[in-house]
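Scroll down for the structure; my scribbles are underneath it.
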Number of protein chains: 2
Amino acid sequence: MTRLNRERVLRAAVALADEGGIESLSMRRLAQELDVVPMALYKHVANKEQLLDGMVDAVVREIELPQPGSDWRDAVRRRVLSARTVLLRHRWAYRVIESRTGPTPAVLEYLDSMIGVFRDGGLSADLTHHAMHALGSRVLGFSQELFDTSGGAAAPDAGAADTMAERYPRIAELAGAAAHDGGSVVGGGCDDRFEFEFALDLLLDGFERLRARGWTSAAG
Amino acid sequence: MTRLNRERVLRAAVALADEGGIESLSMRRLAQELDVVPMALYKHVANKEQLLDGMVDAVVREIELPQPGSDWRDAVRRRVLSARTVLLRHRWAYRVIESRTGPTPAVLEYLDSMIGVFRDGGLSADLTHHAMHALGSRVLGFSQELFDTSGGAAAPDAGAADTMAERYPRIAELAGAAAHDGGSVVGGGCDDRFEFEFALDLLLDGFERLRARGWTSAAG
DNA sequence: ACCTGAACACCGTTCAAGT
DNA sequence: ACCTGAACACCGTTCAAGT
């Protein structure tokens, strides 16, 4: 058994969360996984919060940054989609990122380089700032889908679906019109990738339109 | 002391979370607040998850739905902003909503009526479906700001700010250009309301453009 | 029908010791 | 320098009893 170190602790924590979900990650369970007593972990991470920070950094560093192509729009798009594939590999990560009270170094680095793409593409600092806010979590490849569908919400049985359709006719209409596979409410049964790119492209188109017209915010 | 009931339990839970944050809401603490033994709660809510469901419903029912005005764009806008004021009253709510694995009745009702505004405005079921996804959590008045700023992330001291500026020059530039009050990284020191409306309007503009041109998704 | 007490199987973390 | 043991102050929840 090699000596414990921060690297090994983080690696094991990510593996544990990947496998059993973030709710299965406790200091005690992690220690057990490493054949060590819980308190041994505290020599390598100050506490659980710092452990989570380290896990976020590890995941964000996995994101490949494709070389910026010809135009900024495409470069941003490719980066965001590449972040998305990483976040899909670690389904717990977006929740942990959201729960952080401050950005970790790897995230700052990522944001800094993403801002660079916008700026090099000719967007003003003002517009870039608002664009980054508008993208929000989408800049890291995840969108807020209103509900946590990662757990696989059970599809309602036929009877429940009938009374649903009665009580929420407009939702039922949409589900009928667009449910490719599952056929649940908004959030299930759709092509997640399509929805993600749809919104992303609307925003990028909007940024480009504002850039082209030399838009600036009042306060900027 | 009146008899306990679901109503009183939910009310106390919301009050507790409003006051002390969601992390201060435990079944035991809530019971204490109600001068009752923890197990007494379980006659009125099945478990903590169902308690949280009930709290979400209570909050969502607080949202006032302004009468739909002349055009759908304005009606959606006003509804979303009215949801936003409620969610700002209960700073814990958006996290709890995100953590639900399925929509609660009040949320379904809200979504159903919001879909109605789009449909009555002349958007196809297909476009409405994608629009609802694109709005995501924004439909309920909150956006994913990448980090939890509700805790009031400490502004870095001058020294830290200097090394930050060295390591992350583009972030520093943006912070300098746009920090009205605080002057922190993306997420702090900006006019949250402006950022929220900026992104909302970009999306609504995009929807309108697609509607006007009779856009439809390939699969739709 | 509603509330209680005691218990179970967990948490994160401190503190004082071991090697 | 690194790991351990025992303990503290918490969790959500079950189960069998009380009134």
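Naming convention: chains lettered A, B, ... in sequence-line order (proteins, then strands); numbering from 1 in each chain.
The phosphate of D/dC2 (OP1 or OP2) has no side-chain N or O of A/K43 nearer than 4.0 angstrom. Taking 4.0 angstrom as the limit, B/H44 places none of its side-chain polar atoms (N or O) nearer than this to OP1 or OP2 of C/dC2. Between B/Y42 and D/dT13 there is a side-chain N or O to OP1 or OP2 distance below 4.0 Å.
Mapping B/M39 and A/L4 onto DNA chain D via the closest heavy atom, the residue that lands nearer the 5' end is A/L4.
In this structure, the CG atom of B/L25 is 8 Å from the P atom of D/dG12, given to the nearest Å. The CG atom of A/L41 sits 10 Å away from the P atom of D/dC3 (whole-angstrom rounding). Distance, A/M27 CE to D/dC11 C1': 17 Å, rounded to whole Å. For the pair B/L16 CG and D/dC11 P, the interatomic distance rounds to 11 Å; values are reported in whole Å.
Distances were taken from every side-chain heavy atom of B/R28 (C-beta onward) to each of C/dC11, D/dG12, D/dC2; the shortest belongs to D/dG12. Here C/dG12 is the nucleotide among D/dT4, D/dC11, C/dG12 with the atom lying nearest to any side-chain atom of A/S26. Distance from the side chain of A/N47 is smallest for C/dT13 among the nucleotides C/dT13, D/dT13, C/dC3. Picking from D/dC11, C/dG12, D/dC3 the nucleotide with the shortest atom distance to the side chain of A/K48 gives C/dG12.
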Residue pair B/R100, B/V56: steps toward the side chain to side chain contact (heavy atoms under 4.5 Å, CB included) verdict: CA-CA 9 Å; B/R100 302 302 79 208; B/V56 167; 4.2 Å; yes

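Note that CG of B/L25 and CH2 of B/W92 are 8.5 Å apart. Values are rounded to the nearest 0.5 Å.
Donor-acceptor pairing under 3.5 Å is lacking for the side chains of B/R170 and A/T128. Between the side chains of B/D53 and B/T104, no donor-acceptor pair is found at a separation under 3.5 Å.
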